[in-house]
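Report on one structure; see the data block that follows.
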Amino acid sequence: MNKNDHLFLVDGSGYIFRAFHALPPLTRKSDGLPVGAVAGFCNMLWKLLADARDTSVGVTPTHLAVIFDYSSKTFRKELYPEYKANRSEPPEDLIPQFGLIREATKAFDLPCIELEGFEADDLIATYARLAEEAGADTTIISSDKDLMQLVTPHVSMYDSMKDRQIGRDEVIEKWGVPPEKMIDLQSLTGDSTDNVPGVPGIGPKTAAQLLEEYGDLDTLLARAGEIKQNKRRENIIAFADQARLSRELVTLKIDTPVEDDLDSFKLEPQNGPKLIAFLKAMEFTTLTRRVAEATGAEASDVDPATVEVAWGAAARGPDLDEGDAATPETATANDSDSGQWTPAALARARAEEAASARIDHSAYHCLRDMEALDAFIAAARETGVVAFDTETTSLDPMQAELVGFSLAYQPQDGKAAASGPIQAAYTPLIHKAGADDLLGGGLVENQIPVDEALARLKTLLEDPSVLKIAQNMKYDWLIMKRHGVEIESFDDTMLISYAIDAGVGGQGMDALSERWLGHKPIAYKEVAGSGRSAVTFDFVDIEKATTYAAEDADVTLRLWQALKPRLAADGLVSVYERLERPMVATLANMEMRGVSVDRQILSRLSGDFAQGAAALEDEIQTLAGEKFNVGSPRQLGEILFGKMGLPGGTKTRSGQWSTTAQKLEELAAEGLELPGKIVEWRQLTKLKSTYTDALPGFINPETDRVHTSYALASTTTGRLSSSEPNLQNIPVRTAEGRKIRTAFVSQPGYKLVSADYSQIELRVLAHVADIEALKKAFADGLDIHAMTASEMFGVPVKDMPPEIRRRAKAINFGIIYGISAFGLANQLSIPRSEASEYIKTYFERFPGIRDYMESTKAFAREHGYVETIFGRRAHYPEIKSSNPQVRSFNERAAINAPIQGSAADIIRRAMIRIDAALDEADLTGSMLLQVHDELIFEAPDDEVDATIRVATDIMENAAMPAVAMKVPLKVDARAASNWDEAH
DNA sequence: TAGAAAACGTA
DNA sequence: GTACGTTTTCTAG
């Protein structure tokens, strides 16, 4: 090795832990072998090696080795038996991956280095020293702070997951001390994850400050008496020896007796087939193809069976000192590539292109005059597809001001299939200079006047022959609608992704970009700041704004290119086109209408609740015998189960006393006064803080109404969610709570109409599981819970004791939730054994339900997802988890999803049709709110009856014609001047 | 000041 | 036992 060489040292052990937690869980499709960290590792190595092949990149490795920990028995353990003693067993899903990562390293033909008695960090330190002596540079692929002490002008670090170089400046920025003082800093702070003691009460900030003042650890310890702060001085004096011990523990050994010569790390050309065999065995299809292309090997010629990838003993790395080996299992080939131009092949190819394309920030345009904007729009229009994104002053589309907008398109070469680089541009409209105060805030020059730009935008956005692409179109749709523009003909990348991947991960742009493009977009807070220093987008510097906004449009277009073909490949086109995309306008209209809320009613209730809570608080403190924060479950638990020594206390997951309402009710049932008062107090304060106090703040000053925001792509099952404010959890169960509903009112001359599905989920269950008894009961209009009770307990429906019916009802709900004895027992406050008996009896009487539940689980295990009756998918990637808790949870969720999701699809179908149906019937009322199985309308007094008829009709027939329900859907509707009475 | 945990409101 | 969002408290930084 010599001067111009560059050694890369990959911290293999550090990487695997970090990747395991940071990357989405991934399992090998054919057998559920967890391989997420291995996949991340292979991608990372391939990227490093790609840079090595590409000489245009600045830093390229000539030598590379991957370093691992051998075992936890190291010389540090001798020095200090407590070292790393607090480490728990690695997660089960990680265990097979230790061995696989070593296999992967070998498949890459890279040296796989480990040494008994030493940690990877010591080997890295030693090799970095050897390289430096040879005059070569070293890059350590790790972000571990323990390695930062090694940074010198010739040794730097690289965080591969954040794509960030870590040099001297970065160390100083992060820790406040230069690399050569990291050892001293760590000696003071210690390290809780490794159980390095340090000095109590000294954190990184204090340590850096002390080292700044005294220079180094020895000086500091020697002159500790001079420290002014009492506690700090005492600690440093008392724990000086502990600091010295810590120093020994954190100092990396640069003279480890390494066995391999640096020259043996020299990079050789890639052995394509060997690597491909491994990657195919792992079922990393994207990377397999990439490697095949780069090495000129033919992937289909390589037989993965030539590598033995086992996840039994052979795959277990020496990272583990003990633990039982899993069943050995040899990997099988699973190559579905046919090479034909099928929708699936197209989707794969597009995803490939998207993942490999580079995003070039320097190519973005900023359109500052009409000529430039016109030219850009004209060119975009040519292609027929344009990505669009608005930049505004607020996340609330009903309050936001339009600050600018970005567009992106990809020029097509008319003759060939080839296409040019994506063109992306930002048009600033009302950016301001300086601070937002009396002096600053003047409009920046050379921005197109808003109305002129809007006029041009309108023709583009309303042109049905140009497809507009947005990420979360509902937001931009609302912004534009408020400016008199109704976007027509659009796709939404968030909704496409949701149709394909609900349950897989987030559907936000950043998540999608990382998932599909392997690119991390500029964070909003990077341009607009965060917390105190945050500014609205109109105060962002135009140059920065351009890069950020144009990138968003650019990324959106790329996502569309990658995702749209997947819809066809996965058979999800109609889910997207019938259940997702039409909801954009439907919901946007509802949000824009808002609902009227009576301030006076809320304010009066607020006062009542405050009075009630204050009185209760006094009683509570008297009963408790001391003043305490009643709102603190921690303090309350201590009083009830500590001071008062009440029996029956249980602890929460984090070890605190549980004080849930259920627990308190139990105590109240024993005749205690205090717990009941707490429950009452909590109810009143909850109602006050969450509803009566908060709701008035959501009244829009311009419209004088409350505009909630519905999230279309946030649930796994297909339900909507509502926020800011959440109008899907307005109280209804208690009399006190219902008072809040009286504040939701119709405008004068109008009524609120509430129409809700009766038992829709049980009806869906009867349909999907095809249960004769249930179908008949619904067809005959029976009381379904009484019927269930009668079947189970042999009691006639007539004169059914309420308690028996209550239990049957709980069981019916339990079935929908993927019943467990534990849950049912909890719900009914009965022993688990009794709950088990109930479930057994239920399944004996309704064996079809058990069959349905079993087949749903089997389907989920096989495919990784379940489907609603309309084909919507909900993914459960952890359904095969080796952790029984996680697995069971996923099984229950998978059982629930087709039921909850089908019901959600049904009401979506109704919502999509209802506006047109009202129009058709010449009705002027409109839909305002959705609460999962209920729709709320506002209709003129004289149209109430007709509105109820239309809504009921549409809702009851919403499944048709796609699905003919085997049970009738029933809707109850009524009208009143407030929501409480209408419901 | 940001995030986790606990609690609780809805279907 | 399913699916959510918001509030308060408390801790860590």
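Because the structure is predicted, anything quoted here is derived from the model rather than measured. Chain naming here is simple, since letters A, B, ... match the order of the sequence lines and numbering starts at 1 in each.
- Residue contacts shown for A661(A) are limited to sugar-phosphate atoms, with no base heavy atom under 4.0 Å away.
- Taking each heavy atom of A903(A) and E761(A) in turn, the nearest pair found is CB-CG, 4.1 Å.
- In terms of phosphate contacts, R719(A) brings no side-chain nitrogen or oxygen within less than 4.0 Å of OP1 or OP2 of dC4(C).
- When distances run from any side-chain atom of T715(A) to the nucleotides dG5(C), dC4(C), dT2(C), the shortest one goes to dC4(C).
- A donor and an acceptor atom, one from each side chain of Q399(A) and S394(A), are nowhere located under 3.5 Å apart.
- When all heavy atoms are compared, the tightest approach of F641(A) to G648(A) is CE2-C, 4.3 Å.
- A heavy atom closer than 4.0 Å to some atom of DNA chain C occurs in K686(A), S689(A), T690(A), A694(A), these being the qualifying members of residues 684-698 of chain A.
- Atom OG of S754(A) is separated from atom CG of N978(A) by 11.0 Å, given to the nearest 0.5 angstrom.
- A pairwise comparison of heavy atoms in A808(A) and H785(A) identifies CB-O, 3.4 Å as the closest pair.
- A donor atom on one side chain and an acceptor atom on the other are not found under 3.5 Å apart for S709(A) and E724(A).
- One distance of note links CD1 of I849(A) with CZ of F843(A); it measures 8.0 Å at 0.5 Å rounding.
- OP1 and OP2 of dT8(C) both lie 4.0 Å or more from every side-chain N or O belonging to S632(A).
- Not one side-chain nitrogen or oxygen of T717(A) sits closer than 4.0 Å to the OP1 or OP2 atom of dA3(C).
- The residue R682(A) sits close only to the backbone: its heavy atoms come under 4.0 Å of sugar-phosphate atoms, none of a base.
- Under the 3.5 Å distance criterion, the side-chain polar atoms of S533(A) are matched with a main-chain donor or acceptor of S530(A).
- For dA3(C), the OP1/OP2 oxygens have no side-chain nitrogen or oxygen of Q728(A) closer than 4.0 Å.
- Nucleic acid contact class of T716(A) (heavy atoms, under 4.0 Å, all strands): sugar-phosphate only.
- In the 5' to 3' direction, nucleotides of DNA chain B lying under 4.0 Å from heavy atoms of chain A begin and end at dT1(B) to dA11(B).
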* Asked: Is there a salt bridge (Lys or Arg N to Asp or Glu O under 4.0 Å) between K145(A) and D191(A) once you walk through the steps?
  -> CA-CA 10 Å; K145(A) 71 163 189 312; D191(A) 185 334; 2.8 Å; yes

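- Residue-level contact check: I816(A) touches neither bases nor backbone, having no heavy atom under 4.0 Å from any strand.
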